[in-house]
Structure formats: C-alpha cells, structure tokens
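Notes for the one structure printed next.
As the structure is a computational prediction, the values presented were derived from the model and not from experiment. Below, chain A is the first sequence line, B the second, and so on; all start at residue 1. Below, all heavy atoms of this structure are taken into account, side chains as well, without hydrogens, waters or symmetry copies.
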There are 2 protein chains.
Amino acid sequence: MTRMHKENNLSKNQQIIFDLIDKSPEPLKAYTILYNVQKKGINAPPQVYRALDKLVEIGKIHKIESKNAFVACKNSDCEISKATAFSICESCEMVDEISDVKLSKYLSSFNHKKGMKFKRFNLEFFGLCKKCK
Amino acid sequence: MTRMHKENNLSKNQQIIFDLIDKSPEPLKAYTILYNVQKKGINAPPQVYRALDKLVEIGKIHKIESKNAFVACKNSDCEISKATAFSICESCEMVDEISDVKLSKYLSSFNHKKGMKFKRFNLEFFGLCKKCK
DNA sequence: TACATACTGTTATATTATAACAATTCTAAC
DNA sequence: GTTAGAATTGTTATAATATAACAGTATGTA
Ligand SMILES: [Zn+2]
Ligand SMILES: [Zn+2]
Ligand SMILES: [Zn+2]
Ligand SMILES: [Zn+2]
C-alpha cells in the first residue's frame, strides 16, 4: 500500500532518491544511487533513471553533464532547472551550485545573433577549489 | 608506413576523424564516427576515443556534453577549449558554436564568491532555432 | 464505481567509454 | 644512422551509463 508523499509532491521512489542526493556532499552517479537504495527496494536502473528524470524536470535536482552525476538544487531561484551554473574542482571533484543573480540575469537575457531565443542554459566552470589550489 | 601529417600536427587517425567531424553539419557521436571510419581502417572504439580526446585537448573539436557528441571548432578564438559556448535547438538538434567576445570576456573574468579561480568553462544554451520556432 | 494519469517492477538490451597490453611510428639527441 | 623516449596505433575484452518494452499498481477525479 504505497502512499504518495503529497506534502511535497514526490512519490516514494522519488523521495528516497532525492533524500539520498540531498544528503550527499558530492554529486552522485545513477549506479551509485542504485547501489545505495537497493536496501529500500529499488532494484533496477529504470527505477532510478525515472526518478532522476522527474526530479530534474521539477528542478529538485540538476544533472552535472560533464560528470554524468546529480546534485540537489540549493537555490530556490533556479526554478524548474532553466538557468543552472556550477563550479567544479578538477582536482577533488567538488561541485558547487552558483547562485549569482547578475550572472543569471546576464545569461537569461543573452540572445544569439542568429535569431535563436533561449529558454534554458547550463553553465559549468572548471578550476581548482580553495583547498586544492 | 604510416606517416604523420605534420603540416597540422595531426596523426593519421586524428586527421581522418577530424575531417569527418569538420565536414558534418551536425554533432557526431563516437559510435557514429566509428561506423563511418571503418572503411579507413579504424576498427575499434579506443581508436576513436583516443583521437577524440586528443582533438578536444588541442581545441580542434569540442564535446557537447548534453549530447555526448562532437563538433569541430569554428572559432579561432577559443584556444585549447578553455571557453566554449553553444546554442542547441531542442527540436532539430542543431548545434551552433557561439562566438561572442563580450560573453566570453564576461565569463572568463567571472569569479566565484567562494574563492575559486576558474580556468575553463562550458556553456550550453537551449531553445528553438529560427527554422523550428 | 469507473476512468485517466502517474508511478512501479522487471527483464532485456542499447549506448557510451575505458582497461590492458603488444606493436609500431615519430622525434630529437647522440 | 643509431638509439631511446614519447606518442600513436591495433586489438580484445569489459565497464559504465542509459533506455525499450511490457505488465501491473496506486492515485486523483468524477
Ligand atoms: Zn538549482
Ligand atoms: Zn578541490
Ligand atoms: Zn571553438
Ligand atoms: Zn531547430
């Protein structure tokens, strides 16, 4: 008798997977997530990927494309994942979501010369974090 | 008796694969590349991935992270792939490299509050191109 | 209740990428 | 030209990431 977690609109699997990602200090990969939720009855890749897809869609998590890994959204601002920016340490792999209103506004209003109107962007910065440099 | 193509520093496999990507109007995936160069004697994934890695490293091509696909660099500016920006149509999958000096300068000089100094960035914009909207 | 929609469970498979190792070719220095 | 190191190549196998397809269950609304 699985019950939806209506208080926040997440289903059972979505909530389990979101909680795991949200608690993690670093981005999690899909199969790492799978191994960690098997004790909770989530047994197969499609269950993980479906929850991830939905969580990305509603903006609760973001995918770090260069790492095929997922982080919880730390910004109430970046609604439904339309404007994401991350700083990524090339040494320790730390990922931090950038919340910079000026940057976000600058990019959101950027228009391509060739007449394309953008609906969404993703920006990934790479360097060395404080600890690693 | 394979001979290096010293005129541009690319090895035989690198040149074959670069030429294919450079001629393509759209981003190419690694296995699409593989199928297309088998007639030229490149038979296995590692041969393709090694050439791709090198071409990315020297800035002749870029990887579109959100698509796991590769495009030739159209900018003489973005040396050794340190500052890349693309516009991607979500309908027809067209990808265009953005060459905008102001954007590039703005992002290159952007510094994270948390004390991280960036060496590189990749920006991907999504929307509908002229044809598709 | 009955229906539509979203979510779940499951098996199999497709796609993307790398490990490991032996051989060859290139470059620069001797 | 010989030699040694670095880069590149060829090859087999396998790892890692992601989706197709289908049957079943739960939920919200009428
Ligand atoms: Zn966010
Ligand atoms: Zn670090
Ligand atoms: Zn470029
Ligand atoms: Zn289009």
Inset, instruction - Could you tell me the separation between the CG atom of A:Asn68 and the P atom of C:dA17, rounded to a whole number of Å? - result: 8 Å
Inset, instruction - Answer with base, sugar-phosphate or nothing: what part of the nucleic acid does A:Lys63 contact at a heavy-atom distance below 4.0 Å? - result: sugar-phosphate
Legend entry - Atom pair distance, as rounded to whole Å: CD in A:Gln15 and C1' in C:dA6: 16 Å
Legend entry - Interatomic distance, B:Ser99 atom OG to B:Lys74 atom NZ [nearest 0.5 angstrom]: 13.0 Å
Inset, instruction - Give the rounded distance in Å between these two atoms: CD1 of A:Ile64 and C1' of D:dT17. - result: 16 Å
Inset, instruction - Evaluate the side-chain proximity of B:Ile21 to B:Ile17: yes if any heavy-atom separation is below 4.5 Å, no if none is. - result: yes
Legend entry - Nearest-angstrom distance from the residue atom CG of B:Leu10 to C1' of D:dA7: 14 Å
Legend entry - Separation of atom CZ in B:Arg50 from atom C1' in C:dT25, rounded to whole Å: 14 Å
Inset, instruction - Answer yes or no: does a side-chain N or O of B:Gln47 lie under 4.0 Å from OP1 or OP2 of D:dG10? - result: yes
Legend entry - Salt bridge flag under 4.0 Å for residues A:Lys105 and A:Asp100: no
Inset, instruction - Using a cut-off of strictly less than 4.0 Å, decide whether B:Lys12 has a side-chain nitrogen or oxygen near OP1 or OP2 of D:dG10. - result: yes
Legend entry - Whole-Å gap separating P (D:dA7) and CD (B:Gln14): 12 Å
Inset, instruction - Please examine the side chains of B:Ile64 and B:Glu124, heavy atoms only from C-beta on, and report whether any two atoms are closer than 4.5 Å. - result: yes
Inset, instruction - Using whole Å, report how far OH of A:Tyr49 lies from P of D:dA21. - result: 18 Å
Inset, instruction - Quantify the bending of the helix from C:dT1-D:dA30 to C:dC30-D:dG1 as the angle between its end axes, each fitted on five pairs, to 10°. - result: 40°
Inset, instruction - Would you indicate, yes or no, if D:dT9 has its OP1 or OP2 atom less than 4.0 angstrom from a side-chain nitrogen or oxygen of B:Ser11? - result: yes
Legend entry - Full working for ring pair (Phe, Tyr, Trp, His ring centres under 6.0 Å) between A:Phe118 and B:Phe126: CA-CA 6 Å; A:Phe118 299 128; B:Phe126 303 87; 9.0 Å; no
Inset, instruction - Fit a plane to each ring of A:Phe110 and A:Tyr106, take the angle between them on a 0 to 90° scale, and name the class: parallel (under 30°), tilted (30 to 60°) or perpendicular (over 60°). - result: tilted
Inset, instruction - Could you say whether A:Pro46 or B:Lys29 is positioned toward the 5' end of DNA chain C, judged by the nucleotide with the nearest heavy atom to each? - result: A:Pro46
Legend entry - Pairs involving residues 44-54 of chain A, ordered by first then second residue, that meet side chain to side chain donor-acceptor pair (under 3.5 Å) (sequence neighbours left out): none
Inset, instruction - Please work out which residues in residues 30-45 of chain B have a non-hydrogen atom less than 4.0 Å from an atom of DNA chain D and list them by number. - result: B:Asn43, B:Ala44
Legend entry - Whether over 12 other heavy atoms sit under 6.0 Å from A:Lys133 NZ: yes
Inset, instruction - Take the protein atom CD of A:Glu65 and the nucleotide atom C1' of D:dA18, then report the distance between them rounded to whole Å. - result: 13 Å
Inset, instruction - Please determine if A:Lys119 and B:Glu90 form a salt bridge, counting it only when a charged side-chain N lies under 4.0 Å from a carboxylate O. - result: yes
